[in-house]
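Note that the structure is predicted; figures quoted are calculated from it, not measured.
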Amino acid sequence: MVSKVLLRLVSAVNRRRMKLLLGIALLAYVASVWGNFVNMRSIQENGELKIESKIEEIVEPLREKIRDLEKSFTQKYPPVKFLSEKDRKRILITGGAGFVGSHLTDKLMMDGHEVTVVDNFFTGRKRNVEHWIGHENFELINHDVVEPLYIEGLAKRVGARLLLASTSEVYGDPEVHPQTEDYWGHVNPIGPRACYDEGKRVAETMCYAYMKQEGVEVRVARIFNTFGPRMHMNDGRVVSNFILQALQGEPLTVYGSGSQTRAFQYVSDLVNGLVALMNSNVSSPVNLGNPEEHTILEFAQLIKNLVGSRSEIQFLSEAQDDPQKRKPDIRKAKLMLAWEPVVPLEEGLNKAIHYFRKELEYQANNQYIPKPKPARIKKGRTRHS
Ligand SMILES: O=c1ccn([C@@H]2O[C@H](COP(=O)(O)OP(=O)(O)O[C@H]3OC[C@@H](O)[C@H](O)[C@H]3O)[C@@H](O)[C@H]2O)c(=O)[nH]1
């Protein structure tokens with residue numbers, strides 16, 4: 001009897017304990033399930049965040065590409081004339097991304113022609129023609145013409161006219177002043193300028209031989225000193241050197257006494273002359289230049305004043321075989337092409353100065369500040385007219 005009571009008491013206590021234990025176990029289970037749930041959520045959320053940022057990494061450049069594409073679709077090109085099929089020409093410009101070439105490209109595009117620019121980008125820059133990229137009349141080919149170019153550019157096959165951009169350098173250090181087209185020149189064939197000068201002279205020779213032999217029509221422009229926006233900053237020419245030096249407060253480097261003379265034409269005048277020559281019947285060489293002659297020292301002072309610079313003028317040693325006088329006789333161009341330069345020197349210089357100022361800002365923002373080329377003795381540098 002006593003044992004039965006005791007047993008009941010024990011089992012009652014055990015049942016309560018069991019219930020308690022069961023309760024605790026249940027709580028522990030719920031807690032652990034909850035913990036796992038919370039843990040998994042945070043892992044999941046973390047994972048989702050990582051995936052989202054990965055997606056973002058991939059998608060952002062794509063979005064940027066889409067924005068660029070949208071921009072290019074809506075890009076405004078400079079105004080282009082409409083030309084009928086019969087008036088529209090297909091024109092190939094070698095060096096069309098360079099200084100003179102890109103201005104010629106602009107003119108021909110705006111006149112409504114189809115222009116293919118071929119450039120090896122040694123001195124030319126895509127920026128000079130980027131405003132045409134995507135235009136239906138424009139094509140840009142990165143190519144060096146020392147390799148054959150297998151497109152229809154071949155003048156003989158398609159009956160195209162060929163223009164040679166020759167230079168006043170064919171007259172060398174001239175003994176005739178001003179220089180007329182029938183003057184044969186005074187070039188030192190083994191001097192530091194010979195590669196450029198003789199190279200252009202032989203280019204003329206080959207053009208006329210080609211004309212005689214193959215019947216290809218040629219036009220030869222003897223281009224005198226030319227300046228304007230898009231000139232190469234670092235090619236060591238006097239205009240780019242003086243403007244950069246004046247803008248950067250560095251001495252303007254005059255080679256020799258500065259009494260040597262040059263006559264400078266603004267690039268838009270030259271381009272109009274080139275187009276007039278191409279449209280003319282004149283197959284013999286034609287001078288294209290501005291006959292307003294100045295000494296280099298006068299020129300240094302003028303640029304210094306226009307920039308408003310406090311730079312000094314520094315005299316350095318004379319360059320070997322430097323032509324002492326140069327000024328074009330442009331009677332032939334006036335008479336046969338009805339062409340003459342119209343842009344006044346100061347107006348052109350102000351435009352060039354504005355361009356160089358902007359370029360310096362652009363370069364500074366891109367962490368590259370060009371220096372004018374240090375004074376150099378002319379040592380057969382490779383240059384383009
Ligand atoms: O920093 C300079 C640079 C040049 N000069 C002088 O300025 C004059 C002009 O020199 P540039 O180098 O600008 O031009 P150049 O007249 O020698 O050749 C030019 O001629 C016709 C074109 O075909 C050539 O491409 C062009 O460079 C030279 O007398 C030269 O000695 C300076 O006094 N200081």
Side-chain angles (χ1 to χ4, degrees), residues 100 162-212 217-227 237-239 255-267 269-278 280-296 298-299 318-341 345 378 380-385:
V100 173
L162 186 122
L163 172 83
L164 172 69
S166 185
T167 169
S168 53
E169 290 276 317
V170 298
Y171 301 124
D173 188 3
E175 290 155 317
V176 167
H177 192 75
Q179 294 79 53
T180 44
E181 288 87 350
D182 52 16
Y183 175 49
W184 288 358
H186 182 227
V187 172
N188 172 2
I190 54 164
R193 306 173 79 96
C195 284
Y196 186 72
D197 299 4
E198 299 288 19
K200 289 283 190 179
R201 286 165 68 94
V202 84
E204 289 194 11
T205 309
M206 286 166 80
C207 274
Y208 288 109
Y210 199 51
M211 178 172 94
K212 230 185 204 151
E217 279 195 66
V218 300
R219 300 288 178 267
V220 174
R222 291 192 178 148
I223 302 172
F224 282 66
N225 297 64
T226 306
F227 72 97
R237 286 192 178 134
V238 75
V239 179
Y255 302 152
S257 65
S259 60
Q260 68 272 39
T261 67
R262 292 293 186 275
F264 290 92
Q265 79 182 321
Y266 188 66
V267 66
D269 282 333
L270 168 63
V271 164
N272 290 335
L274 293 174
V275 172
L277 177 61
M278 269 308 249
S280 77
N281 296 322
V282 189
S283 59
S284 52
V286 179
N287 287 342
L288 293 178
N290 189 323
E292 190 185 311
E293 187 184 5
H294 291 278
T295 67
I296 292 302
E298 280 166 6
F299 203 62
E318 195 179 321
Q320 193 194 325
D321 293 345
D322 197 9
Q324 289 309 295
K325 279 194 260 168
R326 184 184 290 155
K327 165 186 166 146
D329 182 318
I330 59 164
R331 279 175 299 174
K332 186 169 174 181
K334 272 189 184 171
L335 188 73
M336 318 272 276
L337 313 180
W339 172 88
E340 65 181 311
L345 180 62
K378 292 189 181 181
R381 63 217 146 115
T382 14
R383 292 183 308 179
H384 310 262
S385 65

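Here R193 pairs with E169 in a salt bridge; the nearest charged N to carboxylate O distance falls below 4.0 Å.
Not a single salt bridge (Lys or Arg N to Asp or Glu O under 4.0 Å) links D321 to another residue, sequence neighbours left out. In this structure, the side chain to side chain contact (heavy atoms under 4.5 Å, CB included) partners of Q324, at least two apart in sequence or on a different chain, are D173, Q260, E318, D322. Annotation: side chain to side chain donor-acceptor pair (under 3.5 Å) contacts of N272 (sequence neighbours excluded): none. With sequence neighbours left out, the side chain to side chain contact (heavy atoms under 4.5 Å, CB included) criterion links Y210 to K156, E214, V216. With sequence neighbours excluded, no residue forms a salt bridge (Lys or Arg N to Asp or Glu O under 4.0 Å) with E292. Under the side chain to side chain contact (heavy atoms under 4.5 Å, CB included) criterion, R201 pairs with V170, V187, E198, not counting sequence neighbours. Remark: D269 pairs with no residue by the side chain to side chain donor-acceptor pair (under 3.5 Å) rule, at least two apart or across chains. Checked against side chain to side chain contact (heavy atoms under 4.5 Å, CB included), S257 has the following partners two or more places apart in sequence or in another chain: S259. For H177, the side chain to side chain donor-acceptor pair (under 3.5 Å) criterion is met by Q179, E293, not counting sequence neighbours. Applying the side chain to side chain donor-acceptor pair (under 3.5 Å) rule to D182 yields the partners T180; only residues at least two apart in sequence or on another chain are considered.
Put simply, CD1 on I190 and SG on C195 are 11.5 Å apart, with the number rounded to the nearest 0.5 Å. L288 CG to L270 CG: the interatomic distance, rounded to the nearest 0.5 Å, is 6.0 Å. From R219, atom CZ reaches atom CE of M278 across 7.5 Å, with rounding to the nearest 0.5 Å. If you take OG on S284 and CE on M336, they are separated by 6.0 Å, rounding to the nearest 0.5 Å. Separating the CG atom in N225 from the NZ atom in K327 is a distance of 14.0 Å, to the nearest 0.5 Å. Rounded to the nearest 0.5 Å, atoms NZ (K325) and CD (E175) are 10.5 Å apart.
In this structure, D197 and G172 approach most closely via the heavy-atom pair OD2-CA, 4.5 Å. Taking all atoms of both residues into account, the shortest heavy-atom contact from E181 to N287 is OE2-N, 2.7 Å. A pairwise comparison of heavy atoms in G258 and T295 identifies O-CB, 3.3 Å as the closest pair. The two residues P291 and A263 come nearest to each other via the heavy atoms C-CB, 4.1 Å.
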- request: Could you give me the CA-CA distance, side-chain angles and deciding distance for M211 and L162, then say whether side-chain contact (heavy atoms from CB on, under 4.5 Å) is met?
  value: CA-CA 10 Å; M211 178 172 94; L162 186 122; over 6 Å; no

Audit row: S168, R222, side-chain contact (heavy atoms from CB on, under 4.5 Å) steps and yes/no: CA-CA 5 Å; S168 53; R222 291 192 178 148; 5.8 Å; no

task: Test side-chain contact (heavy atoms from CB on, under 4.5 Å) on L345 and F299 and set out the steps.
output: CA-CA 10 Å; L345 180 62; F299 203 62; 4.0 Å; yes

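The shortest side-chain heavy-atom distance between D329 and Y183 does not fall under the 4.5 Å cut-off. Side-chain atoms of V218 and L164, non-hydrogen and from C-beta on, never get closer than 4.5 Å to each other. Taking 4.5 Å as the limit, some side-chain heavy atom of Y208 sits within range of a side-chain heavy atom of V220. Side-chain contact check for V286 versus S280: every heavy-atom pair is 4.5 Å or farther apart. Inter-residue side-chain proximity for P323 and H186 is flagged as unmet; no heavy-atom pair is nearer than 4.5 Å.
Checked by atom type and distance alone, the side chain of Y266 never pairs as donor or acceptor with a backbone atom of N290 at under 3.5 Å.
Taking the six-membered ring where the residue is Trp, F224 and Y171 present tilted rings, their angle falling between 30° and 60°.
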